[in-house]
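Remember, it's 1-based here, ligands and their atoms both numbered in the order they're listed. Just so it is clear, the structure is predicted and the values come from calculations on it, not from any experiment. These values consider heavy atoms only, across backbone and side chains, with no hydrogens, waters or symmetry-generated copies.
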Amino acid sequence: MAVIGASRTPGKIGHEILRNIINFGFKGNIYPVNPHVDEVLGLRCFPSMREVPDQVDLAIISVPSRAVARVVDECGASGVKAVAVISSGFREIGQADLEKEVVRRARRYGMRLLGPNIFGLVYTPSKLNASFGPLHVHPGKVAFITQSGAIGISLMSWTILEHVGLSAVVSVGNKADVDDADLLEFFADDPNSSVILIYMEGLTSGRRFMEAALKATAKKPVITIKAGRTKRGSMAAASHTGSMAGSDEVYRAAFRQTGVLLASSVEEAFDWAEALVADFELRGENLLIITNGGGAGVLAADASELLGLRLMGMSPNLRKKFRALMPYYGSVENPVDLTATADGDDYYGAIHAAMGSDEVDAVIAIYCQTPYTDPTLIASRMIKAMEGLRAEVRKPLVICGIGGVEVEKALRMLEEAGIPAFPTPERAVMAMAALFKYYEYREEVMRKTSEN
Ligand code: ACO
């Protein structure tokens with residue numbers, strides 16, 4: 001890798017990108033380029049790309065926009081395979097011709113170009129953080145493509161808090177060359193990514209996106225947050241990344257046709273990603289809700305029905321299993337109400353009974369904090385129950401934990417164990433609904449493919 005514009009001054013963007021590449025643990029060779037200095041951050045610095053004594057796969061360009069075209073030429077002449085242009089000052093400020101010229105030069109050498117106007121890229125399997133975002137990213141299997149720098153950078157830190165593991169963060173900025181369709185193609189085939197999440201303001205080629213999305217969603221879920229859906233929002237997008245935000249209805253139709261899940265907020269998108277990235281396989285539509293609080297069960301039942309999820313009927317066999325886990329005043333209807341006295345063993349038994357039953361396809365387990373139960377103990381019993389089942393059972397389990405600091409801890413324990421966990425019944429149900437929606441779509445695709 002090369003960083004061109006690797007400033008000697010801490011705080012400058014080129015310096016911070018180089019620091020992140022080094023400190024995140026990238027194992028390949030790193031070549032800083034800056035004509036004004038011999039060494040940066042302990043690495044030998046080269047006056048230009050032409051002096052770099054190695055084949056460079058990716059050059060990060062962090063010099064003012066007026067110097068980018070020349071630097072791109074140098075990269076091309078030196079055999080660099082791809083460039084990522086951090087610099088702002090192109091189409092987004094009316095300099096579309098300069099942007100076209102930079103792309104033209106890159107193409108002349110057969111180089112792909114990411115950006116311009118980006119904060120960089122991260123790929124956790126290669127321990128590569130070539131961004132001026134935070135150093136640490138929670139590693140995982142969600143590939144995050146973002147057209148917004150601020151959203152991308154802030155969510156990188158937020159994912160650590162929320163335990164959403166990322167395989168990649170790619171800032172696409174003005175998408176002058178590499179666009180969402182290219183990245184969908186890459187991540188659809190990337191074994192290190194199981195869910196693709198896109199923050200999008202506008203598309204450069206709708207047709208190409210739809211073709212790539214259709215192929216990608218047949219392999220893994222694609223979630224989109226589409227910004228600029230209102231008049232004022234699309235005006236803001238135009239001055240942010242120079243994007244044409246387009247008609248909301250057209251985007252909705254395109255996403256529906258291609259199986260892309262459209263989230264209405266950042267929170268929803270990441271909740272869905274958390275559920276979809278878990279190692280689940282949905283085989284039917286029989287949903288069971290287990291709770292220790294009647295009210296939370298009612299809220300979950302309402303949310304399920306409103307989102308088109310059908311709560312399954314209870315067979316005598318299932319009723320019998322759950323009856324043994326609750327006092328006489330509990331309920332063996334769906335939602336199953338274990339009552340407020342339910343402890344870790346009761347949850348263990350209930351999850352085992354539900355997840356182990358052929359009648360049940362998906363489970364939402366709700367825990368409301370009570371004075372006489374320990375949320376972290378309950379979480380550890382839930383995890384234990386799943387560990388026992390995981391070898392054969394891949395049906396979805398989503399947890400809702402409602403309460404204070406101890407419940408928050410319990411939710412984190414569950415997430416670390418790969419079990420999606422949310423603080424409200426509605427969020428748990430919405431995450432489950434996204435799972436249902438994706439698997440229904442994929443089943444339909446598979447059915448049509450086998451018919452043809
Ligand atoms: N080759 C190599 N190094 C060079 C060259 C060159 N041709 N020209 C200059 N340099 C060196 C400079 O000497 C300097 O190093 P020094 O500090 O040791 O002297 C370094 O490269 C950087 O050059 P500066 O002129 O100091 O530029 P600066 O760092 O101030 O700004 C930057 C460059 C960051 C690219 C700026 O122009 C810019 O575009 N900033 C915005 C970036 C941004 O916000 N991107 C979008 C993110 S948000 C989103 O995604 C929508």
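- Taking every non-hydrogen atom of S171 and a distance limit under 4.0 Å, the qualifying atoms of ligand 1 come out as 50 (O).
- At a 3.5 angstrom cut-off on N or O pairs, S7 counts as close to ligand 1.
- Using a 4.5 Å heavy-atom cutoff, the side chains of E406 and T376 are in contact.
- Summarising the contacts of atom 39 (O) of ligand 1 with P64, S88, P35, the nearest heavy atom is found in S88.
- Distances from atom 9 (C) of ligand 1 to the heavy atoms of V63, T146, I86 put V63 nearest.
- No more than 12 heavy-atom neighbours from other residues, nucleotides or ligands sit within 6.0 angstrom of CD on E249.
- Two residues are said to be in side-chain contact when any heavy atoms from C-beta on lie closer than 4.5 Å; N29 and Y31 meet this criterion.
- The proximity of I13 to ligand 1, defined as any non-hydrogen pair under 4.0 Å, is limited to the side chain.
- Remark: ligand 1 and N117 share an N or O pair separated by less than 3.5 Å (distance only, no angle test).
- For the pair E443/M446, no side-chain contact is recorded, criterion being any heavy-atom separation below 4.5 Å from C-beta on.
- Aromatic rings of F209 and Y251 (six-membered ring for Trp) have centroids beyond the 6.0 Å cut-off, not under it.
- Close approach of ligand 1 to S87 (heavy-atom distance below 4.0 Å) involves ligand atoms 35 (C), 39 (O).
- Heavy atoms of R8 found under 4.0 angstrom from ligand 1 belong to the backbone as well as the side chain.
- Applying the 4.0 Å criterion to heavy atoms of I4 picks out, from ligand 1, the atoms 1 (N), 2 (C).
- Residue contacts with ligand 1: S65 is placed with no nitrogen or oxygen under 3.5 Å of a nitrogen or oxygen of the ligand (distance criterion only).
- For ligand 1, the atoms closer than 4.0 angstrom to any heavy atom of V71 are 7 (N).
- Taking any N or O of K12, backbone or side chain, at least one lies under 3.5 Å from an N or O belonging to ligand 1.
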message: For R112 and D182: C-alpha separation, side-chain torsions, deciding distance, then whether side chain to side chain contact (heavy atoms under 4.5 Å, CB included) applies.
response: CA-CA 10 Å; R112 296 307 306 265; D182 293 309; 3.0 Å; yes
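- Sorted by first and then second residue, the side chain to side chain donor-acceptor pair (under 3.5 Å) pairs involving residues 131-141 (not counting sequence neighbours) are N129-S131.
- Every pair tested for ring pair (Phe, Tyr, Trp, His ring centres under 6.0 Å) that includes a residue from residues 429-452 fails, sequence neighbours excluded, so the list is empty.
- Residue contacts with ligand 1 leave out G173, since none of its heavy atoms falls under 4.0 Å from the ligand.
- Ion pairing between R208 and D180 fails under the 4.0 Å rule for side-chain N and carboxylate O.
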